[in-house]
Amino acid sequence: MREQLQNVLSLAASLLYPAPMSSFNEDDAFEAAAAPQSLSLSQLAMQGARESALGAPDTSYLDSLNPAQREAVETLDGPVLMLAGAGTGKTKALTARIAHLLNTGRARPNEILAVTFTNKAAREMKDRVAALMGHQIEGMPWLGTFHSVCVKLLRRHAELVDLKSNFTILDTDDQIRLLKQLINAAGIDEKRWPARQLAGMIDSWKNRALTPGHVSAGEGAEFNGLGVKLYAQYQERLKTLNAVDFGDLLLHMVTIFQKHGDLLEQYQRWFKYILVDEYQDTNVAQYLWLRLLAGGHKNICCVGDDDQSIYGWRGAEVGNILRFERDFPGAKVVRLEQNYRSTPHILAAASSVIAGNKDRLGKDLWTAETEGEKVRLVGHWDGEEEARWVGEEIEAMHGGTRARLRQYSLDDMAILVRASHQMRAFEDRFLSISLPYRVIGGPRFYERMEIRDAMAYFRVVCQPDDDLAFERIINTPKRGVGDKALQDIQVAARSNGVNLVEGARIAVADGLLKGKAKSGVAQLLADLDRWTSLNVQQIRYGVEDEDALVEDVAYDPAEIGHIELAERILDESGYTTMWQNDKNPEAPGRLENLKELVKALEQFENLAGFLEHVALIMDNDSGNDGEKVTIMTLHGAKGLEFPVVFLPGWEEGLFPSQRSMDESGVKGLEEERRLAYVGITRAEELCTISFAANRRVYGQWQSQLASRFIDELSPEDVDVTAPSGLGGQAGHMAGHMAGHGAGRYGGSMTMAESPSTFERRAAKADVYNSPGWKRMQERAQRNASPKPPITINAKATSSFTIGDRVFHKKFGYGEVMEIEGDKLSIEFDHSGTKKLVAGFVMPADQAGDVPF
DNA sequence: GATATGTCGCTTTTT
DNA sequence: GCGACATATC
């Protein structure tokens with residue numbers, strides 16, 4: 001009770017004395033962070049509600065828990081490791097635990113640190129806690145992803161690592177561009193030493209919380225002996241750009257906590273309880289960060305499943321979960337083993353696969369269910385047939401015409417692939433049969449060129465030190481500024497020790513630029529100044545809370561809102577005009593996207609807030625319109641569940657991925673196996689695994705071997721299903737291939753023969769003995785004979801005559817107007833007249849064969 | 001400096 | 001079989 005009184009008092013204090021920037025003052029900083037201005041009333045109301053709840057706490061949320069879950073929820077103090085198998089209700093337990101902490105008065109909402117890996121998980125947790133408590137939990141500012149929590153902390157203490165609190169968060173693209181510059185400056189061949197690779201190395205160092213000074217000599221000498229050196233230079237550049245990358249968010253906070261014990265102690269005291277979701281996915285930096293924060297009271301509850309650790313390639317350490325008990329002696333370990341999601345066969349099949357892994361903490365999943373279909377296994381001739389078959393299955397199940405099975409909504413069905421390039425086959429097929437689908441994790445809205453360009457403008461306006469953004473916009477739209485002019489500006493900036501915007505100013509003033517370049521840059525600078533003056537810096541970083549990142553700022557009526565500002569930036573810069581004048585068929589779509597971007601701004605108070613959101617939340621759960629089949633990667637599917645799941649492409653090299661095995665050997669293979677486990681356990685009622693004998697890889701036909709994971713499935717839980725509803729499509733396939741082949745490359749293409757290796761594996765999988773397989777084999781042979789070898793020569797197909805309708809990938813459809821040798825003059829329907837080499841276009845009727 | 005064509009390398013997985 | 005980047009040509 002005394003504590004509660006204190007809480008209320010300090011809360012009141014926080015309202016009277018705003019927190020100073022970047023300082024820690026326990027009495028007010030956290031309060032301000034968690035419960036500033038507008039929340040005061042609801043916060044106080046909640047305090048009251050809880051106090052009354054203390055009299056007769058409503059703990060009905062405990063009633064629906066099973067004994068293990070209940071134990072995990074009620075063991076509030078001290079370290080707890082919750083080993084939660086797939087579908088065992090771990091989110092339920094986790095949220096009940098938060099509710100319990102609040103309900104028993106152990107902590108106030110803003111004293112609980114709860115971290116997840118994805119924004120989705122964070123959102124779900126927030127929603128479910130709210131549902132349990134019967135009202136919105138407004139004061140849980142520290143429930144979020146590792147990254148978003150760290151951004152909040154880092155904004156407050158930025159100066160401790162020589163940053164300003166309005167630092168920019170760079171995405172991978174910016175990171176790569178920056179590294180490229182450094183590699184070029186170091187005078188080594190960027191071809192042989194690609195920036196991507198360096199980025200990967202730096203990432204892995206950061207994941208292990210290694211600053212340049214801590215990288216071992218051996219590792220640092222990688223990358224042509226320059227690894228650490230470039231890393232150090234990169235960090236220096238980030239500092240001058242006032243920017244951080246993703247890894248820095250964690251690493252800087254670890255550094256700060258390690259260096260400033262007093263600050264750490266204050267945070268240790270503040271975060272009374274710590275909860276961690278998906279603990280098996282934590283990397284070393286995250287682990288250290290958690291260990292530092294939990295170091296005082298050790299009230300840390302980690303939830304995870306070692307069998308679902310699938311992010312080793314990103315630096316996740318399964319070891320973290322395996323040694324939890326050593327890190328936190330006396331830890332209580334609770335196993336959640338009752339599965340509420342899948343039918344017995346699905347569960348058994350998944351267990352039989354994962355049993356192949358060593359070093360497991362070991363869990364025995366069980367279910368009270370008794371009914372259910374076996375896992376289905378289907379072999380196909382090639383990837384396109386696989387897609388066709390899946391499409392037909394989905395249609396049948398959607399129509400409710402599958403024997404023994406109920407009718408399913410398209411939303412109930414998902415296709416989970418190993419690698420995103422597998423998605424195309426399904427997309428193509430579904431488009432041609434008009435089966436609605438949604439792709440999760442595809443190219444994202446915010447990664448589109450026009451969106452990144454627009455955001456680069458916003459970035460420069462918000463944070464003028466952001467040279468990368470400036471480089472992006474300086475000649476977009478064209479202002480007559482080429483490489484030469486940009487170089488002059490860079491030199492001017494460097495020799496004066498200023499950012500590129502200022503460098504450009506100097507270059508204009510000193511007459512370094514001439515003609516078009518000069519006037520173009522001068523105009524841009526004038527525009528930037530005007531926009532900047534209109535952009536009120538409404539954020540006071542360091543005093544923010546989860547909902548309102550913004551201090552109340554008295555608006556000058558002369559000032560304009562950020563939405564209007566954004567529109568003006570895009571118009572006045574000429575960026576909108578640029579796309580309006582663009583004749584490419586995709587230009588209208590890009591303008592649409594820009595409109596959407598401006599619309600998205602409505603949800604934010606200002607440009608800076610928007611930029612931060614975009615940097616951290618690369619969500620794209622748009623398109624909730626109507627039923628759709630979901631297509632996504634296995635990684636993306638973790639944490640989700642679907643009544644019907646298709647797992648295509650179970651072939652050696654693809655799944656398990658060759659690369660994974662080459663790079664990480666047995667460890668890599670085991671991670672792939674866990675991925676298989678994750679995939680199977682996503683299914684509630686029906687799980688269908690498939691593989692193809694042939695697949696096109698890099699445009700080359702390759703024969704495939706059925707995956708070793710197929711051998712590992714327990715036979716008694718699997719039905720070998722014959723592909724059905726096929727036949728008579730040889731002509732279509734040949735035509736399809738010709739359509740592709742007539743494209744740009746057009747070299748010769750030979751269809752592989754049916755591989756005997758495949759047959760051997762198939763025999764093991766018992767496919768070979770099934771009537772379905774025999775039929776398929778026959779059919780395959782029928783199809784195979786007219787098909788390969790097909791030799792296509794681009795030149796041969798390029799005999800056009802005047803008046804022919806043709807198709808070009810970029811320019812769309814058009815008509816041949818003139819022919820000079822192998823050059824055609826084509827009048828495109830939407831892109832004007834162009835002169836092109838014949839090999840670049842295909843007859844319009846052939847193009848019709850190719851979806852899009 | 002901008003455009004059209006050629007070349008290379010590549011595909012896991014993402015906060 | 002695609003896109004990023006380099007080169008050639010205007």
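Below, chain A is the first sequence line, B the second, and so on; all start at residue 1. Values below: every heavy atom of this structure, side chains too, minus hydrogens, waters and symmetry copies. As the structure is a computational prediction, the values presented were derived from the model and not from experiment.
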- Task: Report the residues that fulfil side-chain hydrogen bond (donor to acceptor under 3.5 Å, both in side chains) with A/Ser660, sequence neighbours left out, ordered by chain and then residue number.
- Result: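 For A/Ser660, the residues satisfying side-chain hydrogen bond (donor to acceptor under 3.5 Å, both in side chains) (neighbours in sequence not counted) are A/Glu672.
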Nearest whole Å is fine: how far is [N] [atom2] from [X] [atom1]?
X        : N      : atom1 : atom2 : value
A/Arg196 : B/dT13 : CZ    : C1'   : 13 Å
A/Ile474 : B/dA2  : CD1   : C1'   : 17 Å
A/His421 : C/dG3  : NE2   : C1'   : 15 Å
A/Ile440 : B/dT13 : CD1   : P     : 15 Å
A/Glu671 : B/dT14 : CD    : C1'   : 13 Å
A/Ile176 : C/dG3  : CD1   : P     : 18 Å
A/Asp277 : B/dT15 : CG    : P     : 14 Å
A/Leu416 : B/dT13 : CG    : P     : 14 Å

- Message: Looking at A/Phe167, I'd like to know if the NZ or CZ of A/Arg155 sits under 6.0 Å from its six-membered ring centre while staying within 45 degrees of the ring's axis.
- Response: yes
- Message: Would A/Arg429 pass as a cation-pi partner of A/Phe426, given that its NZ or CZ must be under 6.0 Å from the six-membered ring centre and within 45 degrees of the axis?
- Response: no
Scan [X] against the nucleic acid and name what it touches under 4.0 Å (heavy atoms): base, sugar-phosphate only, or nothing.
X        : result
A/Lys638 : nothing
A/Ser660 : base
A/Phe655 : nothing
A/Phe117 : sugar-phosphate

Listed partners of [X] passing salt bridge (Lys or Arg N to Asp or Glu O under 4.0 Å), at least two apart:
X        : result
A/Arg424 : none
A/Lys478 : none
A/Arg208 : A/Glu219
A/Asp453 : A/Arg472

- Hey, is A/Trp313 doing a stacking thing with B/dT13, by the 5.5 Å centroid and 30° angle criteria? yes
- Task: Decide yes or no for A/Phe117 and A/Val276: does some side-chain heavy atom of the first lie under 4.5 Å from some side-chain heavy atom of the second?
- Result: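 No. Closest side-chain heavy atoms not under 4.5 Å.
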Please determine whether a side-chain nitrogen or oxygen atom of [X] lies at a distance below 4.0 Å from atom OP1 or OP2 of [N].
X        : N      : answer
A/Arg314 : B/dT15 : no
A/Asn283 : B/dT15 : no
A/Thr633 : B/dT14 : yes

- Message: On DNA chain B, does the nearest nucleotide to A/Ala517 precede the nearest nucleotide to A/Ser657 from the 5' side, or the other way round? Give the residue.
- Response: A/Ala517
- Message: Give me the distance, rounded to whole Å, that separates C/dA4 from B/dT13 when you measure between the P atoms they each carry.
- Response: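 Each nucleotide's P atom is 15 Å from the other's.
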From C-beta outward on [X], which listed nucleotide comes closest to its side chain: [options]?
X        : options                : answer
A/Phe246 : B/dT15, B/dT11, B/dT14 : B/dT15
A/Asn475 : B/dT15, B/dA2, C/dC2   : B/dA2
A/Thr145 : B/dT15, B/dT13, C/dC5  : B/dT15

- Message: Among residues 476-489 of chain A, which ones have heavy-atom contacts with DNA chain B below 4.0 Å?
- Response: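 Heavy-atom contacts with DNA chain B come from A/Lys478, A/Gly480, A/Gly482, A/Asp483, A/Lys484.
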